[in-house]
Every structure is written in C-alpha cells, then in structure tokens.
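Just so you know, these numbers come straight off a predicted model, no measurement behind them.
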Amino acid sequence: MASVVSMAVPGNPAIAHRRSEARIAWMLVLPAIVLLFLFVLLPVASVIVLGFTDFELGYGKFRFVGFENYAHLITDRTFRKSLWNTTVYTAIVAPISILLGLGIAMLIESETAARSLFRTAYFLPVASLIVAMATVWQYMFHPTIGPINALLALAGLPGPNWLGSSGTVLYSLSIIGVWQSVGFNMVLFLAGLTAIPRELYAAAEVDGARSSFDRFLLVTWPMLGPTTLFVITISITNAVKVFEIVKTLTDGGPNKASEVLLFTIYQEGFVYLRVGYASAMTVVFLLILVVLMFLQYRILDRRVHYT
C-alpha cells in the first residue's frame with residue numbers, strides 16, 4: 001500500500017503545476033474573451049435577432065415578423081440598386097488597386113536611391129483622413145473650376161459633371177477608392193518582396209530566366225502567393241465596406257446612382273429609424289462578406305505556395 005502511495009505522490013506536483021498554468025492562461029485570456037463577446041459576438045447576435053422584428057427607434061414595442069424583412073429586401077429597389085453599385089465599385093477598385101500596388105511596389109523595390117521617399121509618398125493617402133481629403137477631391141472633380149476638367153478642356157475634350165451626373169459619379173468615387181487603397185497594397189507587397197531570397201533570382205537566371213518578366217513568373221509571383229491572397233482579401237473587404245466617401249461627397253446621389261450597401265443600411269437605421277429592416281440588411285451584408293472570404297480561400301489558397 002505504501003508503495004502505491006509513493007508511486008502516486010511524484011505525479012501530484014506535475015498535475016498541480018499544469019492546473020496552475022491552465023488557471024493563469026485562462027486569467028490572461030479572459031479579458032480578450034470578454035471584449036470579444038461584448039463587442040463582436042453579442043452585437044452580431046443582436047443584429048440577427050432584430051432582423052426578425054419590426055423594431056423602430058423611438059417605439060417601445062415591437063413584434064417578431066419572421067422573414068418578412070428579408071422578403072421585402074427582394075423587392076426593394078433601393079436595396080437592389082445599392083447592391084449593384086457596391087458590386088460595380090468593388091469590381092473596379094479591388095483589381096486596379098491590387099495591380100497598381102504590385103506594380104508600384106516592384107518599381108520601388110528596384111529603386112535604391114529614393115526608396116523611403118516614394119514609399120512614404122504613396123502611403124500618405126492611407127494615413128490621410130478621407131473626410132478631409134474629400135474636400136480636395138470635390139475641388140478636383142468640380143465641373144467648372146476643377147483641374148481635371150481644365151486639363152480636358154486644354155485637350156479639346158468636354159468635361160463631365162463628375163460627381164453630379166448619374167453616369168459618372170460611381171466611376172469618380174472608384175477613382176478615389178483606388179487612390180486610397182493603392183498605398184496600403186503597395187506596403188503589403190513591399191513586405192512580401194523583401195522576404196523573397198535573392199538566391200532564387202540567381203538560380204532562375206542560371207536556369208535560363210534571362211528577362212525580368214521570366215524571373216517574375218518563375219520566382220516573384222509564386223513567392224508572393226500568401227501576400228497576394230491577403231491583399232486580395234483585404235482589398236475586396238475594404239471595397240465592399242465603402243461608406244465615408246459616399247456620405248461625404250454624394251450622399252448617395254444623384255438619383256441613388258452612388259448609393260452603396262453600407263449607406264443604405266445607415267439610411268434605414270439612423271435616418272428612417274427602421275432598425276429591424278436595417279438589421280436584416282446588415283445580416284445580408286455580413287453573409288456576402290463571409291461568402292466572398294470563403295470563395296477566395298477555397299479557390300486561391302490551393303494555388304498559394306507557402307514557404
């Protein structure tokens with residue numbers, strides 16, 4: 001009996017030590033769990049529940065309406081218009097900002113003299129307040145005194161009303177979106193380029209990759225796979241979430257030609273005070289983001305080379 005007790009005793013300190021470490025670990029992670037629950041999980045759950053109600057701000061009573069809000073979304077012209085505008089904006093801004101960011105990053109990486117200067121200059125739009133810069137863009141796109149139309153007039157071309165015409169307003173906002181996103185994508189691609197070992201380029205040149213384009217296809221592009229996947233994800237997410245420039249410059253006009261999903265949600269929830277309907281829109285918006293992220297990782301992650 002004594003031998004059994006003596007064999008069990010040495011294990012007790014190790015078990016107690018593991019339990020102590022587990023308690024300390026839970027104590028350290030508890031604040032993060034609480035914040036995650038209060039500011040992420042609880043709001044998402046509240047939005048999902050409110051999406052099934054007719055709750056309006058200022059009214060004490062509300063009732064559950066089931067999928068009535070979601071059924072109304074299908075026939076809502078404003079929602080369909082904002083969904084289409086968001087799709088067009090994302091289709092323009094995301095790919096162009098990714099390609100330009102990659103191109104500028106490669107140019108800066110090959111330049112040794114003023115690399116820090118160019119890096120800072122292209123990153124300035126990311127650090128700038130878009131609400132403040134919107135005033136500058138409003139002046140640049142002005143139909144009569146704007147420098148863009150002045151340059152077009154010098155070339156003998158008529159200048160459109162960039163922000164006041166239904167046919168050009170979304171493309172004008174897309175130009176601002178590209179300008180805002182290129183710098184951030186450039187910094188991410190620069191980080192990926194600096195992580196590529198220089199020996200791979202020398203080996204590719206020995207194997208017959210003489211031109212810069214051949215070395216890009218054989219070395220740079222495959223090695224940038226993880227960075228490119230991250231940049232694509234971030235670019236599409238940020239483009240879908242566009243709101244500030246729409247609210248500041250056009251307020252969704254003219255004739256809802258620049259109204260996007262987040263702006264429609266804002267209008268329904270904080271202007272018309274229909275929180276239940278706005279919550280249903282928010283759930284659809286979140287589902288769109290989740291589906292986009294799933295498709296990106298499902299399709300692109302298979303082609304990424306991790307080192």
Side-chain angles (χ1 to χ4, degrees), residues 47 51 69-100 125 130-131 133-138 140-143 146 148 159-182 184-185 231-275 277-296:
V47 166
N69 289 330
Y70 296 95
H72 183 55
L73 285 177
I74 300 175
T75 58
D76 189 347
R77 290 185 178 181
T78 301
F79 175 75
R80 287 186 295 176
K81 181 66 174 178
S82 64
L83 181 61
W84 171 251
N85 290 339
T86 305
T87 303
V88 173
Y89 178 88
T90 304
I92 295 174
V93 172
I96 294 178
S97 63
I98 292 170
L99 293 176
L100 286 178
I130 190 60
V131 176
M133 295 306 298
T135 306
V136 178
W137 281 104
Q138 194 170 30
M140 293 182 66
F141 282 131
H142 197 279
I148 295 179
N161 187 358
W162 295 95
L163 297 176
S165 172
S166 300
T168 58
V169 61
L170 194 59
Y171 302 107
S172 304
L173 295 178
S174 299
I175 293 174
I176 302 175
V178 170
W179 167 83
Q180 187 183 12
S181 304
V182 164
F184 185 67
N185 293 342
V231 171
I232 290 174
T233 302
I234 291 297
S235 298
I236 293 179
T237 303
N238 290 337
V240 172
K241 294 192 304 180
V242 60
F243 173 77
E244 293 92 343
I245 58 174
V246 174
K247 176 60 180 173
T248 306
L249 290 176
T250 66
D251 212 32
N255 300 323
K256 301 185 183 299
S258 63
E259 187 162 331
V260 291
L261 272 179
L262 278 187
F263 184 81
T264 304
I265 293 172
Y266 163 80
Q267 288 282 99
E268 291 291 340
F270 296 98
V271 177
Y272 306 135
L273 306 180
R274 296 193 295 177
V275 177
Y277 190 52
S279 298
M281 284 187 179
T282 305
V283 172
V284 174
F285 175 75
L286 293 176
L287 287 176
I288 291 173
L289 287 179
V290 170
V291 170
L292 286 175
M293 297 307 103
F294 175 78
L295 290 177
Q296 288 175 49

Rounded to the nearest 0.5 Å, how far apart are [atom1] of [X] and [atom2] of [Y]?
{"X": "Phe79", "Y": "Phe285", "atom1": "CZ", "atom2": "CZ", "answer": "10.5 Å"}
{"X": "Glu244", "Y": "Leu249", "atom1": "CD", "atom2": "CG", "answer": "11.0 Å"}
{"X": "Thr282", "Y": "Leu287", "atom1": "OG1", "atom2": "CG", "answer": "11.0 Å"}
{"X": "Glu268", "Y": "Arg274", "atom1": "CD", "atom2": "CZ", "answer": "4.0 Å"}
{"X": "Ile245", "Y": "Met133", "atom1": "CD1", "atom2": "CE", "answer": "12.5 Å"}
{"X": "Met140", "Y": "Leu163", "atom1": "CE", "atom2": "CG", "answer": "11.5 Å"}

For Ser97 and Ser181, does a side-chain donor sit closer than 3.5 Å to a side-chain acceptor?
->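 Not at all, the side chains of Ser97 and Ser181 share no donor-acceptor pair under 3.5 Å.
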Over all heavy atoms of both residues, which pair between [X] and [Y] is shortest? Give the atoms and the distance, please.
{"X": "Leu262", "Y": "Lys241", "answer": "CD1-O, 3.1 Å"}
{"X": "Ser258", "Y": "Leu173", "answer": "CB-CD1, 3.6 Å"}
{"X": "Val242", "Y": "Val260", "answer": "O-CG2, 3.4 Å"}
{"X": "Ala134", "Y": "Thr248", "answer": "CB-CG2, 3.5 Å"}
{"X": "Ser82", "Y": "Thr264", "answer": "CB-OG1, 3.1 Å"}

Tell me whether [X] contacts the main-chain N or O of [Y] through its side chain, where contact means a donor paired with an acceptor under 3.5 Å.
{"X": "Ser165", "Y": "Asn161", "answer": "no"}
{"X": "Asn255", "Y": "Ala257", "answer": "no"}
{"X": "Thr168", "Y": "Trp162", "answer": "yes"}
{"X": "Asn85", "Y": "Glu259", "answer": "yes"}
{"X": "Ser174", "Y": "Ile92", "answer": "no"}
{"X": "Asn238", "Y": "Ile234", "answer": "yes"}

With the side chain counted from C-beta on, respond yes when [X] and [Y] share a heavy-atom pair under 4.5 Å apart, and no when they do not.
{"X": "Asn69", "Y": "Leu73", "result": "no"}
{"X": "Thr233", "Y": "Met293", "result": "yes"}
{"X": "Thr86", "Y": "Tyr89", "result": "no"}
{"X": "Trp137", "Y": "Ile175", "result": "yes"}
{"X": "Gln267", "Y": "Phe263", "result": "yes"}

Got more than 12 heavy atoms from elsewhere within 6.0 Å of CZ, Phe270?
-> no
Any chance OH of Tyr171 has more than 12 other-residue heavy atoms, nucleotides or ligands included, within less than 6.0 Å?
->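 No, because the 6.0 Å sphere around OH of Tyr171 holds 12 heavy atoms or fewer from other groups.
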Applying the side chain to side chain contact (heavy atoms under 4.5 Å, CB included) test to Ile98, which of Val231, Val182, Val178 qualifies?
->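 Filter result, single survivor: Val231.
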In plain terms, say whether Asp251 and Lys247 are close enough for a salt bridge, that is, a side-chain N and a carboxylate O under 4.0 Å apart.
->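 A salt bridge is present here (some side-chain N lies under 4.0 Å from a carboxylate O).
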